[in-house]
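Working notes for the structure below.
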Amino acid sequence: MRITNPVVRWMCTAVTAAVLLSPAPAAGQGSQALKRTPDGKPDLTGVWQAVTTANWNVLSHAADKDVPAGLGVVEGDQIPYQPWAAAQQRENFKNRATADPEARCYLTGVPRSTYMPYPFQILQTPKQIAVLYEYVHAVRRVYLDSKHPEGPIEWYMGDSRGRWEGDTLVVDVVHFTNPVWFDRAGNFASDTLHVVERYTPMGPNHINYEVTIEDPKVFTRPWKMSMPLYRRMEKNVRILEFECYAFGLEHTWLKPPE
Amino acid sequence: MAEASRVGRQRSLSVAWRWDVKKPWTGCRSIMIAVAACAVASALVSADGQQGQAGSAGGAAYTAPRTPDGQPDLQGFWTVVPGGTYNIWDLEYQSIHQNGRPEPELRGKSRIVDPPDGKIPYQPWAAAKAKLIHDNHADPTPQFLDPDARCFLQGVPRHLYNREIEIFQSPGYVTFFNMAHHTYRAIPLDGSPHIPEGLKLWMGDSRGRWDGDTLVVSVANHNDQTWFDIVGDFHSDALNVAERFRRVSAGSIEYEAVITDPKVYTRPWKMVLRFQRQREQNIEMWEEACYENNWNSLEGMLNRPGREHAPKAP
């Protein structure tokens, strides 16, 4: 049948084009579909890394020597410090070369360990998710079937307990040391820090990482940061070592004194 | 000679204790809490552990249960018995960190089963270096100080006999977690090759496969900085460790490592370990940060009258 009516012809063309241009169903879609574990949860197994300048400053900042410029990862681009804490942050910034836990090669806590410029590996079972970080072999065990132990406890990486909310892994982290720094710019929290991380897959190779930060000693209200995490796609990728405190030892104290 | 040797042992002992002194600064609160939790939990003797003992005694062939992805299941908390890292070829003081006392019945006993004399087959130059470290380890200047005391990663196989380990299995991986220094070693089982030879790591590069119920691991890419024990038994960056883990009962794993290093030894040598399952149930491996507060203990180890070798705190 030949279609003569121009309006109908145009509509047929439009529908055909829409069908052809729409995302390919079934097989084609499979490659972009979320991989799932046998118990139906998103499979987060793999090596991941943030691509952000948040480790230099979680807020928007211009470039400086050895500092790449960056837009902030904090909602509203502002941290709601209490007045004393705002002053402390300025003091931290002045003393950052020595006061920053990263400058001392210390474990950097949560969420900072996630967005430092090193990869981390996620291992996943139904009861537990383990996260192995390249920076100073930090490690987190995220237990999915239990509660925080009773404090007070001071751990550099805090205590992590997780649960699934649909396809989102929600991790509640408490029991930190004091202080915890968020970046090299001196933004910080105390040992009453409470972090809630939300890992939501955006596809097989991207995770939306959203963090709620709460600390009644330091902030006037809870605040949020977020960024994507990217799957490292190299075929031979593996976590290597960044044993920060071992560097330069030949000049300090491995060798005998003269 | 006997007298000198005994003095040597006593000095070693006192240093071993001095090393232990670092523990109160290394995440002390968390350790104490973990110990308390373990003490409570230890009242519950694991049925699994009991089966393990029965299995060992019977000597019957044991088939390990399987993980959901079909691997033989090695998961849980294990310790090497006798544990410790003092001296792998004379176990008398081996467990001093764990038990706080020497074990005279283990004098002269070695972890090394090949060569049959239980000694490391050093090349002559290497034997001289090992002796130099051994003679100085008890009163060390920095180059004779155990890298482990500086909180460096222990390397393979030492991390296996340095206190508690936890084996964790997820699809495609066997992963070891250490309480000491929060060390981890993730072993991929996908048949992938080692990283390029020139890239050296404290923990080496492990690649594993299952040979029936035995986990077979090749460990390459070691740096030359780690020791096998406190008394300074060492290797070079040409080290290769070929490991075999097999769960022989519910409560135990047998382990052997063939250690090859043509730069340092005259021949390969073999170390064996036996892991015993910890009986405590529902225990977790909690954070034991090491480096973060280690300056005080370094001062204790290195600074004495007339000798101030400790680095300044940053």
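Model, not experiment: these values are computed from the prediction. Letters A, B, ... are given to chains in the order of the sequence lines, protein chains preceding strands, and every chain is numbered from 1.
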#### Entry: Centroid-centroid distance, Phe242(A) to Phe247(A), less than 6.0 Å
yes
### Message
Any carboxylate oxygen within less than 4.0 angstrom of a Lys/Arg side-chain nitrogen, looking at Lys217(A) and Asp191(A)?
### Response
yes
### Message
Is Arg238(A) in contact with chain B via its backbone, its side chain, both, or neither, using a 4.5 Å heavy-atom distance?
### Response
side chain
### Summary
Looking only at Leu199(B), Thr175(B), Asp205(B), Thr183(B), the option with the highest number of non-hydrogen pairs under 4.5 Å against chain A is Asp205(B)
### salt bridge (charged side-chain N to carboxylate O under 4.0 Å, His left out) partner of Arg141(A), chosen from Glu287(B), Glu284(B), Glu166(B)
Glu166(B)
### Query
Are Arg150(B) and Phe152(B) in a cation-pi setup, meaning NZ or CZ lies under 6.0 angstrom from the ring centre and within 45 degrees of the ring axis?
no
### Query
Between Glu241(A) and chain B, which part of the residue has a heavy atom less than 4.5 Å away: side chain, backbone, both or neither?
both
### Query
Does a salt bridge link Arg36(A) with Asp167(A), judged by any charged N lying under 4.0 Å from a carboxylate O?
yes
### Task
Tell me, for Gln121(A) versus chain B, whether the close heavy atoms (under 4.5 Å) come from the side chain, the backbone, both or neither.
side chain
### Task
Can you tell which part of Ser146(A) gets under 4.5 Å to a heavy atom of chain B, answering side chain, backbone, both or neither?
side chain
